[in-house]
Chemist: 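Sharing a structure here in structure tokens format.
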Amino acid sequence: MEFYLKNLSVYHGKKRVINNVSTYFETGKITMIIGPNGSGKSTILKALSGLVDFYGKVSLPDGYNDIAEITGYVFQNPETQIIGSTVWEDVIFGLENIGLSKEEMDKRGNYVLGLLELSNLRDFDPYYLSGGQKQRLAIASILALEPEFLLLDEVTAMLDKNGKREVLNAIVRLKEMGKGVILATHELDLFLPVVDRCIYISGGNIVFDGEPIDGVNMYRQMVVSEL
Ligand SMILES: Nc1ncnc2c1ncn2[C@@H]1O[C@H](COP(=O)(O)OP(=O)(O)OP(=O)(O)O)[C@@H](O)[C@H]1O
Ligand SMILES: [Mg+2]
């Protein structure tokens with residue numbers, strides 16, 4: 001599955017923070033969005049999830065009317081989206097909201113907890129989970145809603161080495177199951193080995209789109225030349 005953006009612009013007040021961006025995204029690929037603080041990475045992800053309004057045209061696959069139907073956004077800080085008093089409750093919360101049958105909720109809940117290696121923590125209070133476990137729970141809860149694309153905003157930034165590794169493995173598994181992953185990050189070395197494509201944005205414009213190693217090198221040269 002693919003979708004296309006044509007002249008996507010986002011304003012915060014009168015300020016345009018994304019400038020006529022045109023690109024596409026496809027499932028089965030991990031795309032990394034890099035760029036300096038304030039360049040617009042989170043804003044693009046939020047526009048793609050329907051969390052912020054945008055101008056421009058989005059071409060969706062047949063049968064879809066709204067970009068939010070095919071995307072799910074995961075926040076940097078998992079605390080912002082954990083609501084259940086157990087891991088299980090948290091995972092099925094969003095499913096109850098869309099009115100699924102108990103059988104369907106059980107099926108999806110068990111599946112995503114297995115996939116994110118959280119099955120043994122099912123009855124655990126999310127408050128006491130490690131950072132990596134919390135972040136995997138946040139991803140599991142969004143994944144249960146079955147989006148085609150996961151939008152991951154700095155999801156490893158608050159984690160230690162083990163937590164980063166756990167979440168990185170989970171992201172690779174998402175790709176292997178055919179999901180599209182679009183992630184914003186400053187952790188270039190962590191993600192470089194697993195991503196398929198790199199989009200580098202600066203000042204709300206795409207300045208590079210292509211091979212991850214080339215994008216990362218270009219970004220690093222830019223950062224050094226600006227010091
Ligand atoms: N809610 C908001 N109201 C006003 N301006 C905002 C808002 N959110 C973001 N901005 C502005 O939009 C621009 C892009 O911000 P954004 O958060 O998308 O950057 P980013 O690339 O994700 O940065 P970082 O690497 O720090 O996460 C910045 O100039 C920022 O100040
Ligand atoms: Mg950001």
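Atoms within each ligand, like the ligands themselves, are counted from 1 in listed order. Remember, predicted model here, so these are calculated numbers, not experimental data.
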Chemist: Is S42 close enough to the Mg ion (ligand 2) to have an N, O or S atom under 2.8 Å?
Modeler: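 Under 2.8 Å: S42 contacts the Mg ion (ligand 2) through an N, O or S atom.
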
Chemist: Going by the atom numbers of ligand 1, which of them fall below 4.0 Å from some non-hydrogen atom of T43?
Modeler: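 So the atoms of ligand 1 that pass are 14 (C), 15 (O), 16 (P), 18 (O).
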
Chemist: When you measure from the centre of the six-membered ring of F208, is the NZ or CZ of R197 closer than 6.0 Å and no more than 45° off the axis?
Modeler: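 Checked: cation-pi criterion not met.
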
Chemist: Please could you name the atoms of ligand 1 that K15 approaches to less than 4.0 Å, counting only its heavy atoms?
Modeler: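 So the answer, numbered in order with elements, is 29 (O).
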
Chemist: Under 6.0 Å from the ring centre and within 45 degrees of the ring axis: does the NZ or CZ of R16 meet both conditions for the six-membered ring of Y55?
Modeler: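 The answer is no; the distance or angle limit is not met.
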
Chemist: In terms of side-chain geometry, is the basic nitrogen of E89 or R122 positioned less than 4.0 Å from the acidic oxygen of its partner?
Modeler: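 The answer is no: the pair does not qualify as a salt bridge.
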
Chemist: Could you tell me whether the side chains of E187 and T156 share a donor-acceptor contact shorter than 3.5 Å?
Modeler: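 Yes, T156 and E187 have a side-chain donor paired with an acceptor closer than 3.5 Å.
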
Chemist: Quick one: does G204 get within less than 4.0 Å of ligand 1, heavy atoms only?
Modeler: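 Outside the 4.0 Å threshold, so no.
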
Chemist: Do D160 and K164 sit within salt-bridge range, that is, some charged N less than 4.0 Å from a carboxylate O?
Modeler: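 K164 and D160: not salt-bridged.
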
Chemist: Should the proximity of K46 to ligand 1, defined as any heavy atom under 4.0 Å, be assigned to the side chain, the backbone, both, or neither?
Modeler: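 Neither; no heavy atom under 4.0 Å.
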
Chemist: Evaluate whether atom CG of D53 has more than 12 neighbouring non-hydrogen atoms of other residues, nucleotides or ligands under 6.0 angstrom away.
Modeler: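 Check fails, neighbour count at 12 or below.
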
Chemist: Return the option from G203, G13, S39, S42 holding the heavy atom at the smallest distance from atom 27 (O) of ligand 1.
Modeler: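 The residue whose heavy atom sits nearest atom 27 (O) of ligand 1 is S42.
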
Chemist: Return the residue, atom name and 0.1 Å-rounded distance of the protein heavy atom closest to atom 26 (O) of ligand 1.
Modeler: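 Atom 26 (O) of ligand 1 sits closest to the protein heavy atom N37 ND2, 2.8 Å.
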
Chemist: Determine whether the side chain, the backbone, both or neither of A184 has a heavy atom under 4.0 Å from any heavy atom of ligand 1.
Modeler: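 Neither part.
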
Chemist: Hey, does H186 sit under 4.0 Å from ligand 1 if you only count heavy atoms?
Modeler: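 Checking ligand 1 against H186, which is what was asked, there is a heavy-atom contact under 4.0 Å.
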
Chemist: Any ion pair linking K175 and D196 (charged N to carboxylate O, less than 4.0 Å)?
Modeler: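 Answer for the salt bridge query: yes.
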
Chemist: Nearest protein heavy atom to atom 12 (O) of ligand 1, by residue and atom, and its distance?
Modeler: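 The closest heavy atom on the protein side is V17 CG1, 3.2 Å.
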
Chemist: Could you tell me if D123 and T86 have a donor-acceptor pair between their side chains, going purely by distance under 3.5 Å?
Modeler: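 Not at all, the side chains of T86 and D123 share no donor-acceptor pair under 3.5 Å.
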
Chemist: Are E104 and K107 ion-paired here, with the side-chain N under 4.0 Å from a carboxylate O?
Modeler: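 Judged by the 4.0 Å cut-off on N to carboxylate O distance, E104 and K107 do form a salt bridge.
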
Chemist: Write out the residue and atom name of the closest protein heavy atom to atom 11 (C) of ligand 1, then the distance separating them to 0.1 Å.
Modeler: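 Heavy-atom neighbour on the protein nearest atom 11 (C) of ligand 1: H12 CD2, 3.7 Å.
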
Chemist: Looking only at protein heavy atoms, which one is nearest to atom 23 (O) of ligand 1, and how far off is it?
Modeler: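 Ranking protein heavy atoms by distance from atom 23 (O) of ligand 1, first comes G38 N, 2.8 Å.
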
Chemist: For atom 30 (C) of ligand 1, decide whether some protein heavy-atom distance is shorter than 4.0 Å.
Modeler: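 There is no protein heavy atom less than 4.0 Å from atom 30 (C) of ligand 1.
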
Chemist: Counting heavy atoms only, which part of K41 comes closer than 4.0 Å to ligand 1: side chain, backbone, both or neither?
Modeler: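 The part of K41 near ligand 1 is both the backbone and the side chain.
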
Chemist: In this structure, is the centre-to-centre distance between the rings of F3 and F149 below 6.0 Å?
Modeler: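 Yes, ring centres under 6.0 Å apart.
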
Chemist: Decide whether an N or O pair under 3.5 Å exists between G35 and ligand 1.
Modeler: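 Not met; the criterion fails.
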
